[in-house]
*Asks:* 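Can you read through this structure? Questions will come right after.
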Number of protein chains: 2
Amino acid sequence: MTEILSDTHESEERPLRRPEAPASTTLHGELVAALRDYIVEGSLADGARVPERLLCERFGISRTPLREALKVLAAEGLIELLPNRGARVRVFSAEDLHELFDVMGGLEALAGRLACERIGDAEVAEIERVHHEMYRHYLRRDLHGYFQCNQEIHGMIVAAAGNATLRATYDSLAGRIRRVRYAANLDKQRDRWGEAMREHEAILDALRRRAGSELSDVLFQHLRNKRKAALRQAEPAEIPE
Amino acid sequence: MTEILSDTHESEERPLRRPEAPASTTLHGELVAALRDYIVEGSLADGARVPERLLCERFGISRTPLREALKVLAAEGLIELLPNRGARVRVFSAEDLHELFDVMGGLEALAGRLACERIGDAEVAEIERVHHEMYRHYLRRDLHGYFQCNQEIHGMIVAAAGNATLRATYDSLAGRIRRVRYAANLDKQRDRWGEAMREHEAILDALRRRAGSELSDVLFQHLRNKRKAALRQAEPAEIPE
DNA sequence: AAAGCAAAAAATGAATGCAAAATCTCACCC
DNA sequence: GGGTGAGATTTTGCATTCATTTTTTGCTTT
């Protein structure tokens with residue numbers, strides 16, 4: 001075994017212990033989060049083997065907690081576990097992404113419906129504020145800023161639904177496409193930009209009127225169009241690093 | 001260990017590349033399924049500790065794969081993992097169930113919408129068949145038969161959506177309420193029965209017309225009413241075994 | 001006698017060890 | 001020269017072991 005640089009000189013040091021957050025002090029839990037980020041952010045190639053030993057050294061832990069984390073990530077759908085053949089970064093086919101976008105659309109449609117039932121004027125105003133900020137980015141052709149506001153608005157709608165189960169489900173699925181989203185959305189979508197902006201107007205309009213069912217429809221269609229734009233060019237292209 | 005026949009001197013057996021069959025070699029995977037059933041079917045009380053050692057003996061395995069399975073089940077939301085305090089069967093509060101029903105409603109709404117896009121007449125006819133069977137159960141006041149048909153119809157709609165990601169998400173969440181559903185739905189819901197039957201008529205009607213958006217609304221409302229009926233009496237009652 | 005504290009016992013979390021399977025290497029045979 | 005197969009190496013899956021942490025139990029003190 002190669003020597004690992006382990007600075008365990010001061011044996012009485014608190015190991016990652018935070019007096020503020022005793023619930024999240026699960027080494028395993030943090031490991032899952034760390035690994036998830038590691039994979040989502042593309043540190044491993046599509047379909048690549050997940051090297052247990054390497055990651056053990058990378059994170060300074062033994063195989064047991066790592067394998068537990070891999071099981072969880074497999075349950076989340078980020079990796080695949082092949083019997084006796086190790087873990088691989090899951091490759092999302094065009095069909096997978098197709099499905100994923102639809103489910104995200106369904107969840108956002110639900111979020112919009114629920115949000116209309118309980119959202120207050122202040123929250124609507126807050127979303128409007130971000131919407132207008134997004135519009136300014138649109139006018140300036142600042143795609144990055146636009147996209148960030150866009151994400152924020154959708155996140156705010158999900159948050160306004162006030163449903164933690166929905167939030168968790170949404171986040172879990174969002175994690176799967178984040179890998180793709182990095183590369184997919186920032187280039188060729190300029191022609192759809194105006195259309196998306198109009199759709200966002202409709203979203204806000206339905207939200208203002210608390211028209212839940214209508215907002216549900218608009219959001220689902222919005223995601224559909226987003227999917228069309230995203231998958232049109234995600235298919236042939238490879239993810240650049 | 002047991003003796004293995006390793007006399008491959010002359011019999012040139014093909015190494016059986018990938019006959020597509022032996023995917024069940026995952027002891028761990030089967031363990032997850034077994035444990036999930038074990039918990040879902042109520043073999044452990046609400047909020048009870050999940051006794052590691054006992055289950056190890058129960059399934060004849062060591063703690064390592066069991067703990068991996070527990071991590072997965074925790075990710076699925078069936079149990080809770082408290083740091084240094086073991087696993088507990090997750091207790092679903094009224095609020096949790098409230099949320100869960102809404103998300104299920106959103107997913108069914110999505111399923112209905114997608115189903116309308118791709119379902120064929122034959123499949124609609126098949127759903128109609130089960131619907132009429134359900135109606136016969138309704139006329140006979142056969143609550144059990146009715147409920148089974150009911151479940152089947154909802155399952156068929158999800159299947160007709162043709163979206164594996166949706167199916168997996170739906171099943172995962174359904175697993176959480178199955179524990180509750182066992183006890184919650186079979187008794188006091190008789191007063192809602194007629195209403196539910198009418199809603200199912202509307203569901204089928206919208207499906208026949210392939211009115212996706214409308215079916216989406218009807219399904220969500222249907223789940224909402226189901227929730228109201230289920231939670232009205234699930235709150236005070238305890239789960240009988 | 002009840003409350004509090006300390007030590008034992010049990011359980012949890014992680015590391016290591018070990019057998020089986022898969023992968024790789026390379027000499028061998030056609 | 002190319003395919004083949006036996007052995008070596010790596011990797012995977014699970015069991016066992018070890019160090020903490022929690023919980024229980026019994027004893028002491030007021």
Side-chain angles (χ1 to χ4, degrees), chain A residues 1-4 6 8 11-19 22-35 44 48-74 79-89, chain B residues 1-19 21-32 34-35 44 48-74 79-89:
Chain A
M1 196 197 293
T2 61
E3 63 277 55
I4 315 166
S6 54
T8 51
S11 56
E12 289 309 300
E13 260 204 303
R14 298 286 180 187
L16 290 171
R17 194 47 80 98
R18 282 172 205 170
S24 69
T25 326
T26 44
L27 169 70
H28 161 265
E30 292 183 17
L31 180 62
V32 169
L35 245 184
L44 292 167
R49 287 175 71 130
V50 180
E52 279 191 10
R53 179 166 300 275
L54 211 74
L55 289 178
C56 285
E57 295 174 10
R58 174 83 172 67
F59 290 101
I61 42 108
S62 83
R63 283 179 53 219
T64 306
L66 183 89
R67 299 187 84 252
E68 290 175 349
L70 290 182
K71 298 285 190 300
V72 172
L73 294 182
I79 61 176
E80 270 176 325
L81 252 42
L82 292 87
N84 289 325
R85 230 164 282 155
R88 281 167 191 276
V89 177
Chain B
M1 272 297 167
T2 60
E3 64 280 4
I4 313 163
L5 36 129
S6 60
D7 49 350
T8 54
H9 292 319
E10 288 163 51
S11 61
E12 294 303 298
E13 274 199 295
R14 282 292 169 198
L16 290 174
R17 281 290 167 185
R18 258 175 241 177
S24 66
T25 324
T26 46
L27 168 72
H28 161 264
E30 293 183 17
L31 181 62
V32 170
L35 247 184
L44 292 166
R49 283 179 73 128
V50 180
E52 278 191 14
R53 181 161 299 274
L54 211 74
L55 290 177
C56 285
E57 296 172 11
R58 173 83 172 68
F59 290 101
I61 40 104
S62 85
R63 282 179 56 218
T64 306
L66 184 91
R67 299 186 84 253
E68 290 174 350
L70 289 182
K71 297 287 191 299
V72 173
L73 293 182
I79 61 176
E80 270 176 326
L81 253 41
L82 292 89
N84 290 324
R85 229 163 283 154
R88 284 168 193 272
V89 177

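Here is how names work: the chains are called A, B, and so on, in the same order as the sequence lines, proteins then strands, and each is numbered from 1.
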*Asks:* To the nearest Å, how far apart are B/N84 CG and D/dT21 C1'?
*Replies:* 5 Å
*Asks:* What is the separation between atom CZ on A/R88 and atom C1' on C/dT23, rounded to the nearest whole Å?
*Replies:* 11 Å
*Asks:* Over how many whole Å does the gap from A/L81 atom CG to D/dT11 atom C1' extend?
*Replies:* 14 Å
*Asks:* Does a side-chain heavy-atom distance below 4.5 Å link A/E68 with A/V72?
*Replies:* no
*Asks:* Does some side-chain heavy atom of A/T64 sit less than 4.5 Å from a side-chain heavy atom of B/R67?
*Replies:* no
*Asks:* Please list residues of residues 48-69 of chain B whose heavy atoms come under 4.0 Å from any atom in DNA chain C, ordered by number; otherwise none.
*Replies:* B/R49, B/E52, B/R63, B/R67
*Asks:* Kindly compute the distance separating CG (A/L44) from CG (A/L55), expressed to the nearest 0.5 Å.
*Replies:* 6.5 Å
*Asks:* Starting from C1' on D/dG13, measure out to CZ on A/R85 and report it in whole angstrom.
*Replies:* 14 Å
*Asks:* Using a cut-off of 4.0 Å on non-hydrogen atoms, how would the nucleic acid contact of B/L82 be classed: base, sugar-phosphate, or nothing?
*Replies:* sugar-phosphate
*Asks:* Is there side-chain contact between A/V32 and B/K71, with heavy atoms separated by less than 4.5 Å?
*Replies:* no
*Asks:* Among residues at least two apart in sequence or on other chains, which ones pass salt bridge (Lys or Arg N to Asp or Glu O under 4.0 Å) with B/R88?
*Replies:* none
*Asks:* Mind listing the closest non-hydrogen atom pair of A/I79 and A/L70 along with its distance?
*Replies:* CD1-O, 3.4 Å
